[in-house]
Amino acid sequence: MAIFLPVAGVLKVYASSVGLAISDDDLAVASWAFEHGQPAGRGTDTLPEASMRYQPLKTMRGAWVCWVSSRLPRTIS
């Protein structure tokens, strides 16, 4: 799992599981989810071929993106 937070308007990795490699493609999908306020990646209609699901979350202090396990099916019925 990874958590991405915006820093000066750019999404950056804030925390991640030990040994997790985050590619430029991963960051691009996370950024899309953040910018659009919609889930993206595995199990969604947006960029479903991504290896993970990226879930944007909003709080009183702002927004961030959580990268969820790849154990999700490719599509959710």
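Position 1 is the first residue of the sequence, and the numbers go up from there.
- Across all non-hydrogen atoms, the minimal contact from Leu20 to Ala2 is CD2-CB, 4.0 Å.
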Donor-acceptor pairs are to be reported for all side-chain atoms of residues 4-16 against protein atoms at under 3.5 Å, with residues two or more places apart or in another chain.
none

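- Once rounded to the nearest 0.5 Å, the distance linking CD of Gln55 with CE of Met1 reads 12.0 Å.
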Show me, pair by pair, the donor-acceptor contacts under 3.5 angstrom made by side chains of residues 27-35, not counting sequence neighbours?
| from | atom 1 | to | atom 2 | distance (Å) |
| --- | --- | --- | --- | --- |
| Ser31 | OG | Leu27 | O | 2.9 |
| Trp32 | NE1 | His36 | ND1 | 3.2 |

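- Looking at Ser51 and Asp25, their side chains never come closer than 4.5 Å, going by heavy atoms from C-beta outward.
- In terms of heavy-atom proximity, Arg42 sits nearest to Arg53 at O-CB, 3.4 Å.
- From Tyr54, atom OH reaches atom CG of Leu47 across 9.5 Å, with rounding to the nearest 0.5 Å.
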